[in-house]
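This report concerns only the one structure given below.
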There are 2 protein chains.
Amino acid sequence: MFSKACEYAIRALLFIAQKTVDGSKIGIKEIAKGIDSPEHFIAKILQDLSRKGMVQSQKGPSGGFYLHQSSLNASLADVVRTIDGDSIFSGCALGLKQCSEVKPCPLHHEFKKIRENISHMLQTASLGEFSQQLEKSKLFLKR
Amino acid sequence: MFSKACEYAIRALLFIAQKTVDGSKIGIKEIAKGIDSPEHFIAKILQDLSRKGMVQSQKGPSGGFYLHQSSLNASLADVVRTIDGDSIFSGCALGLKQCSEVKPCPLHHEFKKIRENISHMLQTASLGEFSQQLEKSKLFLKR
DNA sequence: CAAATAAAAGAGTTCTTTGTCTTTTTTTCC
DNA sequence: GGAAAAAAAGACAAAGAACTCTTTTATTTG
Ligand code: FES
Ligand code: FES
């Protein structure tokens, strides 16, 4: 479904959102532990997201990662698109070069609905909203 | 969603079903052309499916691939499970080691429905039924 | 300013997937 | 039985994804 990088990215951003509601910052080691991901790998991914403005960071002592309001308003769809591109939103289920209504593959009509459900799931809630639910209900970012 | 191997496999099996309704057989080169896949790659995949009894083959002149009735009755889910395993049917959207109802990830409740839709799409129709529709309506296996 | 801290950057490594090429085996058909 | 046809098998190559390690840069704080 998603690439490993994308899975880690989503988990990391939700984790950061959750841990920095109080305006603090959180370091890469804690993040890696918190979401059970390889430290240097998630560091690379966050570097990338940082360059693209989807997460904020500060170097030096008492530095770390955090999220601007604008980043909190981003949807998971934005994250997925940034990392995996939009194949999941518009690609053909059977790998035809172009999904097409006029030359549909055998799964097209059914798959179209599924893609819409996925889009809806990723588009509806923002990082901020998710992290609120993370606090309230019992949701998990690692096992 | 699916691996390349799995995409090619589905397309190939549907193509074979379609081309051998009359009891004939079809060669690997035609299959590769018919579904626009690398010839030797799809050959490997069909070898594999053949060993597992999901497609039938015969060597020598006038040989080729075809499908027993039992193979025609297989669902796409069977094919996907054979090649990609069952991660798509039961894996966690965010890559947690185990999808779990009691320790759900933030996407779990929504994603569960989507997984069910995917299962349904793959489980419902058999290869044979798909290939009938391929003939009747205008469906495509390459672009 | 110096030392310490933390992210950024860069350069690899390893593993998996995808794809190619060559040889072998089986079967048919003359 | 020999030639030709076709899949099976095996070994390899290329690309991409996932992951690691080292060095650099920026920032803080005493
Ligand atoms: S053509 Fe395959 S999903 Fe649209
Ligand atoms: S726990 Fe992630 S999908 Fe079920």
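In the text below, chain A, chain B and the rest are named by the order of the sequence lines, each starting its count at 1.
For dA7(D), the OP1/OP2 oxygens have no side-chain nitrogen or oxygen of Ser50(B) closer than 4.0 Å. For Tyr8(A), a side-chain nitrogen or oxygen approaches OP1 or OP2 of dC19(D) to under 4.0 Å. Distances shorter than 4.0 Å separate none of the side-chain N or O atoms of Ser62(A) from OP1 or OP2 on dT27(D). Between Ser57(A) and the phosphate of dA8(C), there is a side-chain N or O to OP1/OP2 separation shorter than 4.0 Å.
When distances are taken from the side chain of Lys4(B) to each of dT18(C), dA7(D), dA18(D), the shortest belongs to dT18(C).
When the options Leu76(A), Ile45(A), Ile88(A), Asp84(A) are evaluated for a side chain to side chain contact (heavy atoms under 4.5 Å, CB included) with Cys6(A), the one that passes is Asp84(A).
Scanning atom types as modelled, no donor and acceptor separated by under 3.5 angstrom connect the side chain of Gln58(A) and the base of dA6(C).
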Every protein N/O lying under 3.5 Å from an N/O of nucleotides 20-25 of chain D:
unit_1: dT25(D); atom_1: O2; unit_2: Lys59(A); atom_2: NZ; d: 3.3

Show the numbers, then the answer: is there a side chain to side chain contact (heavy atoms under 4.5 Å, CB included) between Phe65(A) and Lys25(A)?
CA-CA 5 Å; Phe65(A) 292 88; Lys25(A) 306 188 190 86; over 6 Å; no

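The hydrophobic clustering, which links ILVMFWY residues whose side-chain heavy atoms are closer than 4.5 Å, places Tyr66(A) and Leu13(A) apart.
Checked by atom type and distance alone, the side chain of Ser90(B) pairs as donor or acceptor with a backbone atom of Asp86(B) at under 3.5 Å.
Heavy-atom nearest nucleotides on DNA chain C were determined for Gly60(A) and for Gln47(A), and the one closer to the 5' end corresponds to Gly60(A).
A heavy-atom distance below 4.0 Å to DNA chain D is reached by these residues of residues 9-37 of chain B, ordered by number: Ile26(B), Gly27(B), Ile28(B).
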